[in-house]
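Everything below concerns the one structure shown next.
Note that these values count all heavy atoms, side chains included, but never hydrogens, waters or copies made by symmetry. Counting convention: from 1, in listed order, for ligands and their atoms alike.
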Amino acid sequence: MHSVNTAEFTITDTQHISSDIHGIKDHQISPGCLRTIARLQEAGYTSYLVGGAVRDLLLDRIPKDFDVATSATPDQVRRVFRRCRLIGRRFRLAHVYDGAETIEVATFRGSGDSDIHSEHEHLMENGRIVRDNVFGSEHEDAVRRDFTANALFYDPGKHLLIDHVGGYADLKERRLSLIGDAETRYREDPVRMLRAIRFASSRSLRLAEETRQPIRELAQLLAQVPPARLFDEVCKLMLSGHAYKATRKLAKYSLFKQLFPDVSVTLTADGSLQASPMLVQALRNTDQRVRDELPVTPGFLFAVLLWEPLQQRMAELTQTGMNAMEAMTQASDELLFVQSRSVALPRRFGAMCREIWMMQHRFRHRKGKRAVRLLEEIRFRAAFDFLKLRAVEDPRMVEPAEWWEHLQTLGIERQREELGLPANAKINQPDRTGKKPRRRKRGRGKPGSQPSSGGG
Ligand code: ATP
Ligand code: MG
């Protein structure tokens, strides 16, 4: 037990919590991770299970992946394992391969003391200091993490939970607390505000008062974060089964408008979400699809988010004499451009938004080649799901949505009849079985990389 003083805060005790109290069982940890930790310890290095996995085990959830932190440098890690690769440029991580598993092994690092201006520091144009990660002690590694719940270490050999920051008590109280001075930590990395919302939503944790309080005022710091990084974060917020809750919290803390400046989402006096009925339904559908293990894609969600502003902009443009198609093309370009300055949607998802929007007017055609071509589109299902969502707020869309829904339930012969086609006409409908293919590899999929359709 020891006491540590840092510039901003004091941590009185490092606690070692035994298994009769924490209750973590080895069989809950992947075998490859257990072997990796054991081998490093046999080689004389301190090594632990860390981060999200420890948090989730204590919350009785099955961890997504098992990360290891160690006192061994990447080169030392490489010498311990035959199947191992070093990755990353700025901060090197080791990937240890065990059977089909990949275990990420990171050397303990410090955040760089704020008093020490080292050669590892870079000043960005906007004045924020970005330090290269530097190796550090076990304790430094704990305190440079974001939330106390994410900073716990678990030693499977000794069955001990090691808590440098009071994370165990916080988790037991279902509380999410930033380590150190909250404002300082948000300024260092504004994405932590989004992570706070994400963990609060997905793990049903309460934000500690000091963690909650500064967010509203600091929300605009998100403007300094690279839009591509915000896209990754938005995917994690919106496509993990808690989109509705997360959106409500984002709105509550003034974060939503930083991410989606054109989209109107507010809260009612009683704290429920006030947004277009279509958007509310889409968020609920997305959460349900995740629970049902159906594919979800950011392309669809962005198409829904931007639909209302798209309609507004189109109305303005048609007033100036543009026809509907031109207006849609120009309005889409403008909106996607403006959106990409806050949250950058990768090109393929932008293209998907456009396709979904452009296909909407084609649902008018119910006979002949035009109708068949629509039905044959790769994105037909997404566009149709979108049409159904429009019917939530526009009664004129109800009948067409039902007609197209019915059409899809028919066998090919009846479809030909409905579409007024000759008996031998071909209709090639893409495979739309819907179920997510099982992921082969354990590990970190790029967010939003799931295949196909939408949130209908
Ligand atoms: P998830 O289940 O979403 O993967 P996670 O806690 O594992 O949750 P990661 O983004 O995988 O989240 O990060 C792993 C760990 O790295 C976190 O648990 C935390 O300790 C640390 N970490 C991640 N992002 C930050 C950050 N922005 N600031 C400080 N520490 C961070
Ligand atoms: Mg993780």
Side-chain angles (χ1 to χ4, degrees), residues 8 29-30 33 48-70 88 90-91 93 95 101-112 128-131 133-134 136 138-154 161-168 170-171 176-205 211 215 218 221-222 224-226 229-242 246 290 439 442-448:
E8 299 115 16
I29 302 168
S30 82
C33 173
Y48 301 125
L49 176 66
V50 292
V54 183
R55 173 198 69 219
D56 286 346
L57 287 171
L58 291 168
L59 290 170
D60 283 324
R61 292 172 59 106
I62 299 168
K64 197 164 58 113
D65 39 38
F66 294 91
D67 296 336
V68 171
T70 181
R90 244 173 46 136
F91 189 77
L93 290 172
H95 273 178
E101 268 187 67
T102 302
I103 298 99
E104 199 169 284
V105 180
T107 305
F108 292 139
R109 51 180 140 145
S111 58
R128 252 177 67 226
I129 290 173
V130 179
R131 282 179 204 92
N133 298 293
V134 284
E138 170 184 331
H139 182 269
E140 285 169 330
D141 188 75
V143 300
R144 61 99 188 162
R145 291 172 185 270
D146 47 7
F147 304 99
T148 63
N150 284 349
L152 294 164
F153 297 153
Y154 181 63
L161 187 70
I162 297 143
D163 183 358
H164 293 270
V165 293
Y168 183 75
D170 278 338
L171 268 177
L176 196 65
S177 311
L178 267 177
I179 299 168
D181 175 66
E183 182 170 339
T184 309
R185 301 304 309 279
Y186 288 138
R187 285 188 185 281
E188 279 172 9
D189 181 4
V191 167
R192 289 173 184 149
M193 294 187 277
L194 299 180
R195 289 174 60 85
I197 301 303
R198 172 153 71 93
F199 295 125
S201 308
S202 64
R203 306 312 198 266
S204 299
L205 301 173
T211 300
I215 297 182
L218 300 179
L221 292 178
L222 285 181
Q224 304 172 2
V225 180
R229 185 170 175 217
L230 288 184
F231 174 74
D232 288 351
E233 244 356 270
V234 163
C235 286
K236 290 184 194 166
L237 278 159
M238 298 298 209
L239 304 176
S240 316
H242 308 277
V290 173
R439 276 214 268 167
R442 179 189 289 286
R444 8 205 91 199
K446 222 178 149 41

- Backbone or side chain, does any N or O of R55 fall under 3.5 Å from an N or O of ligand 1? yes

- Query: Looking only at non-hydrogen atoms, which of R144, R195, R192 approaches atom 22 (N) of ligand 1 most closely?
  - Reply: R195

- Item | Electrostatic pair R145:D141 at N-O distance under 4.0 angstrom | yes

- The atoms of ligand 1 lying under 4.0 Å from a heavy atom of G52, numbered in the order shown, are 5 (P), 6 (O), 7 (O), 18 (O)

- Message: Between R229 and E233 (salt bridge meaning N to carboxylate O under 4.0 Å), is one present in this structure?
- Response: no

- Near G51, which atoms of ligand 1 are under 4.0 Å from a heavy atom of that residue? 18 (O)

- Message: If only side-chain N and O atoms count, and only distance matters, is there a donor-acceptor pair under 3.5 Å linking R55 with N150?
- Response: yes

- The answer for which part of R145 has a heavy atom under 4.0 Å from ligand 1 is both

- Does ligand 1 have an atom that lies less than 4.0 angstrom from a heavy atom of F199? yes

- Between E104, R198, R203, flag the one that comes closest to atom 3 (O) of ligand 1 by a heavy atom. R198

- Answer yes or no: is there a donor N or O on one side and an acceptor on the other, between the side chain of Y186 and the main chain of T211, under 3.5 Å? yes

- Task: Could you check if a side-chain atom of I162 sits within less than 4.5 angstrom of a side-chain atom of L152, using non-hydrogen atoms only?
- Result: no

- Message: Are any of the N/O atoms on D189, whether in the backbone or the side chain, positioned under 3.5 angstrom from an N/O atom of ligand 1?
- Response: yes

- Close side-chain approach of F147 and I179, heavy atoms under 4.5 Å: no

- If the plane angle is over 60° it's perpendicular, under 30° parallel, otherwise tilted; pick one for H164 and F153. perpendicular

- Message: Between R195 and D146, does any NZ, NE, NH1 or NH2 come within less than 4.0 Å of an OD or OE carboxylate oxygen?
- Response: yes

- Please indicate whether any nitrogen or oxygen in D146 is less than 3.5 Å from any nitrogen or oxygen in ligand 1. yes

- Query: Is D65 in polar range of ligand 1, meaning some N or O pair under 3.5 Å apart?
  - Reply: no

- Message: What I want to know is whether D56 and ligand 1 share at least one N or O pair that is separated by under 3.5 angstrom.
- Response: no

